[in-house]
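Below, chains carry the letters A, B, ... as their sequence lines are ordered, and counting in each starts from 1.
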Amino acid sequence: MSFWLLKSEPDVYSFDDLLRDGETIWDGVRNAQAANNLKAMEIGDEAFFYHSNTGKEAVGICRVTAPAGPDPTDATGRWVAVKVAPVRRLGKPVSLARMKAEPALADLQLVRQSRLSVVPVRPEERDAILRLSEG
DNA sequence: GCCAACGTTGGC
DNA sequence: GCCAACGTTGGC
């Protein structure tokens with residue numbers, strides 16, 4: 001069981017949208033490293049839902065409900081998509097600034113490689129973020 | 001709006 | 001196969 005972080009611009013698709021929809025297909029990923037992360041996901045894996053650009057904060061947790069399969073938005077058939085469902089909203093959003101200020105999160109890939117849209121989160125990093133979300 | 005980081009493309 | 005040019009992402 002692994003833990004991840006998924007980025008979305010809330011103007012395009014927000015955590016509220018996921019709560020409303022109940023499930024969504026995480027498509028449109030066009031980066032090889034991010035695609036490899038999608039392929040490594042298993043049903044039941046969980047991920048922080050992070051709002052990029054507007055908000056810049058983790059706002060919720062979602063769960064993988066379908067493993068990587070063909071991305072319906074990709075005519076070439078080279079890219080993959082997973083499906084996710086909402087688990088819960090975080091008690092308090094955890095901002096990027098807050099994560100950067102946390103020594104335990106110094107190696108967080110979200111911080112180190114800010115352009116990657118699908119990144120793994122280590123267990124101790126997940127715990128640290130969860131702690132911050134509890135206020 | 002700017003810029004850093006990074007990926008991709010194309011000329012050689 | 002190298003590398004300059006360019007495009008994109010996302011933080012600031």
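The CG-P distance, from A:Asn53 to C:dG11, rounds to 6 Å in whole Å. Rounding to whole angstrom units, CG of residue A:Leu6 and P of C:dG10 are separated by 12 Å. Put simply, CZ on A:Arg30 is 15 Å from C1' on B:dT8, counting in whole angstrom units. The separation between A:Arg112 atom CZ and C:dG11 atom P is 17 Å, rounded to whole Å. Here the C1' atom of nucleotide C:dG11 and the CD atom of A:Gln109 are 17 Å apart, to the nearest Å. When the C1' atom of C:dC12 is taken as reference, atom CG of A:Leu110 falls 15 Å away, rounded to whole Å. If you measure from atom CG of A:Leu116 to atom C1' of C:dG11, you get 15 Å, rounded to the nearest angstrom. Distance, A:Gln113 CD to B:dG7 P: 6 Å, rounded to whole Å.
Put simply, A:Lys7 has a side-chain N or O that comes within less than 4.0 Å of OP1 or OP2 on C:dG10. Between A:Lys100 and the phosphate of C:dC12, there is a side-chain N or O to OP1/OP2 separation shorter than 4.0 Å. For C:dG11, the OP1/OP2 oxygens have a side-chain nitrogen or oxygen of A:Tyr50 closer than 4.0 Å.
A 4.5 Å side-chain heavy-atom check between A:Asn37 and A:Leu116 finds at least one atom pair inside the cut-off.
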### Message
Could you walk me through whether A:Arg112 and A:Asp107 satisfy the side-chain contact (heavy atoms from CB on, under 4.5 Å) test, starting with their C-alpha distance in whole Å, then the side-chain angles of each, then the deciding distance to 0.1 Å, before giving a yes or no?
### Response
CA-CA 7 Å; A:Arg112 301 178 69 97; A:Asp107 288 335; 3.0 Å; yes

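The backbone N or O of A:Ser2 sits less than 3.5 Å from a side-chain atom of A:Asp45, completing a donor-acceptor pair. Of the possible polar contacts, none joining the A:Ser133 side chain to the A:Val94 backbone as a donor-acceptor pair under 3.5 Å is found.
Backbone-only engagement by A:Leu96 is indicated by non-hydrogen atom pairs under 4.0 Å involving sugar-phosphate atoms exclusively.
Ring orientation note: the planes of A:Trp26 and A:Tyr13 are nearly perpendicular, at an angle over 60° on the 30°/60° scale.
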### Message
Each nucleotide in nucleotides 1-6 of chain C should get exactly one letter: B, S or -. Can you fill that in based on protein heavy atoms under 4.0 Å?
### Response
------

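To the nearest 0.5 Å, atom CD of residue A:Gln33 and atom OG of residue A:Ser117 are 10.0 Å apart.
In terms of heavy atoms, A:Gly22 sits closest to A:Ala85 at O-CB, 3.3 Å.
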